[in-house]
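Structure record follows, encoded as structure tokens.
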Amino acid sequence: MKILIVTPYLPHPKCGHGGGTYLYHFLNHLSKKHQITLASFADDREIELVNDLGQLPIELHTIYRIKGRGKSIFSTFILLLIRTFRLIQSVILWQPYYISKFKNHDMASLIKMLTQNNLFDIIQFEYSQMGSYSKFVKQGKIILREHDVVYRPAYRAYKKSRYLIQKIVLLIEWCRWAKYEPKMVKRFDFVLTSSEQDKSLLEWLTGLDNIDFVPFGIDVAECIPNYHSRKSNNLLFVGNFSHRPNADAAIWLVENIFPKVQKRIPTTILYIAGANPPERLKSLCANKFNVKLLGFVDDIIPFFRGCGIFVAPLRFGGGVKIKILQAMAQGIPIVTTKIGIEGIAAIYPEGVLVSNSSKEIVDQICKLVNEPELAEKIGNNGWEAMKKSYSWESIIKKFETIYTDLIINP
């Protein structure tokens with residue numbers, strides 16, 4: 001099959017977020033049997049990875065997009081103007097800000113050109129914010145892959161907010177998503193979610209029957225370390241801090257949870273890995289000898305395989321958390337919340353410890369440190385679940401079946 005994939009971020013493990021890692025391996029596995037073209041935004045940091053991504057057997061097209069602070073005062077000022085214009089546009093059109101933020105004339109022109117000049121069987125848009133580009137497709141079956149059904153995390157962000165002005169802004173944003181998302185997905189021939197819960201939610205919101213779910217694929221370790229070779233007192237948190245739920249979880253962990261763990265087990269060390277840590281987190285970690293704020297880590301696998309416990313105290317957000325899948329795939333026992341484990345099938349409670357209160361999370365961490373046999377069992381169960389349900393071979397087969405059915409039965 002001839003397939004066009006459209007992404008908001010350059011798919012690469014070094015982009016600093018789980019979605020980039022997942023999409024890189026998705027392209028790698030899918031391109032072994034199919035002809036793949038990728039159209040992707042790329043910021044300053046991602047542009048440096050283009051040559052590496054180009055080693056995959058795919059046709060690659062990138063559109064430059066400024067993200068974060070520019071390289072100069074002038075470029076930062078231009079970005080501020082663009083963001084202000086997009087914000088005003090979102091207010092006038094009553095669209096979610098994230099949709100306006102990703103609008104780009106060059107990307108629209110690229111999609112139009114590619115679909116005019118090529119007979120693609122499938123055009124697949126990744127993430128909700130790219131859904132608006134479907135109107136520029138000239139031919140082919142179009143699929144939206146919703147990594148999150150944004151209706152849910154937008155509502156949770158509003159409910160979680162404690163400040164009046166922020167709460168009002170987030171309420172308005174949720175209302176926009178509640179109107180925009182159900183209308184947007186109806187433009188597609190087929191919609192894919194990453195979990196059965198998101199599938200059910202989207203069916204309820206839209207009344208559509210052309211929705212299905214395919215789990216995220218994950219690289220599962222051929223074998224995992226013997227638990228006694230791990231440093232059982234070392235805790236690990238991983239997340240891109242540009243994503244607000246990750247920043248909130250890390251701050252809660254450092255401020256409220258880890259100090260209580262340390263009082264009970266003074267030898268524990270907490271490692272925090274992830275790009276763009278916020279200033280508050282940096283300040284909290286600055287004078288704590290047993291907290292190591294690592295920033296972005298090129299290769300996180302040694303930490304997954306060397307630390308004793310993976311901690312993910314997520315309090316809001318939505319969708320399947322790829323970092324949880326990655327941790328399980330390396331056999332590290334996990335302590336998380338119900339939101340952290342949301343959408344991950346067939347593992348709870350045998351493959352992970354789950355709680356929503358800081359006291360219970362502390363108790364579970366200490367229990368695993370003090371009971372290595374239990375920690376090993378939890379880690380092994382998670383690894384077995386990943387092998388059974390999340391291997392790339394089974395995931396790619398599911399995508400191929402959906403593509404084939406869509407082409408044969410229009």
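Listed by chain and residue number, Glu371 satisfy the side chain to side chain donor-acceptor pair (under 3.5 Å) test with Lys367 (two or more places apart in sequence, or in another chain).
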Next on the checklist: Is there a side-chain contact (heavy atoms from CB on, under 4.5 Å) between Ser132 and Met184? Walk through the geometry before answering.
Outcome noted: CA-CA 7 Å; Ser132 63; Met184 180 265 293; 5.8 Å; no
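In this structure, Lys141 fails the cation-pi test against Tyr403, since its NZ or CZ atom is not both closer than 6.0 Å to the six-membered ring centre and inside 45 degrees of the ring normal. A cation-pi contact, defined as under 6.0 Å to the ring centre and within 45° of the axis, is absent between Arg145 and Phe190.
When all heavy atoms are compared, the tightest approach of Pro8 to Phe41 is O-CB, 3.3 Å. Between Ile334 and Ala327, the shortest heavy-atom contact is CD1-CB, 3.7 Å. Listed here is the closest heavy atom pair of Trp383 and Ala221: NE1-O, 2.9 Å. Between Ser358 and Ile257, the closest heavy-atom pair is CB-CG1, 3.9 Å.
Between Phe216 and Tyr390, the gap from one ring centroid to the other reaches at least 6.0 Å. Ring centroids of Phe26 and Phe399 are separated by less than 6.0 Å, placing the two rings close together. Taking the six-membered ring for Trp and the full ring otherwise, the centers of Trp174 and Tyr151 sit less than 6.0 Å from each other.
In this structure, a donor-acceptor pair under 3.5 Å is absent between the side chains of Thr268 and Asn233. Using modelled atom types, one finds a donor on one side chain and an acceptor on the other under 3.5 Å when comparing Asp44 with Tyr64. Between His228 and Glu376, the side chains place no donor N or O within less than 3.5 Å of an acceptor N or O (distance only, hydrogens not considered). Of the N and O atoms on the side chains of Arg305 and Gln330, at least one donor lies less than 3.5 Å from an acceptor on the other residue. Counted by atom type alone, Lys138 and Asn117 present zero donor-acceptor pairs between their side chains at under 3.5 Å.
Among residues at least two apart or in separate chains, salt bridge (Lys or Arg N to Asp or Glu O under 4.0 Å) pairs with a member in residues 185-203 are Arg152-Asp198, Lys199-Glu203. Among residues at least two apart or in separate chains, there is no salt bridge (Lys or Arg N to Asp or Glu O under 4.0 Å) pair with a member in residues 118-132. Sorted by first then second residue, the salt bridge (Lys or Arg N to Asp or Glu O under 4.0 Å) pairs that include residues 379-389, not counting sequence neighbours, are Glu384-Lys387.
Rounding to the nearest 0.5 angstrom, the gap separating the CZ atom in Phe237 from the SG atom in Cys307 is 13.5 Å.
A salt bridge between Asp212 and Lys398 is absent, with no side-chain N of the basic residue lying under 4.0 Å from a carboxylate O of the acidic one.
Between the side chain of Asn276 and the backbone N or O of Ser242 there is no donor-acceptor pair closer than 3.5 Å. With hydrogens and angles disregarded, no donor-acceptor distance shorter than 3.5 Å links the side chain of Glu146 to the backbone of Thr193.
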Donor-acceptor contacts under 3.5 Å from residues 292-299 side chains, at least two apart:
| residue | atom | partner | partner atom | Å |
| --- | --- | --- | --- | --- |
| Lys292 | NZ | Phe289 | O | 3.1 |
| Asp299 | OD1 | Ile301 | N | 3.2 |

Would you be so kind as to tabulate the donor-acceptor pairs closer than 3.5 Å made by side chains of residues 93-100, with sequence neighbours excluded?
| residue | atom | partner | partner atom | Å |
| --- | --- | --- | --- | --- |
| Gln95 | OE1 | Lys103 | NZ | 3.3 |
| Tyr98 | OH | Tyr9 | OH | 3.3 |

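Using cut-offs of 30° and 60° for the angle between ring planes, the His29 and Trp392 rings count as parallel.
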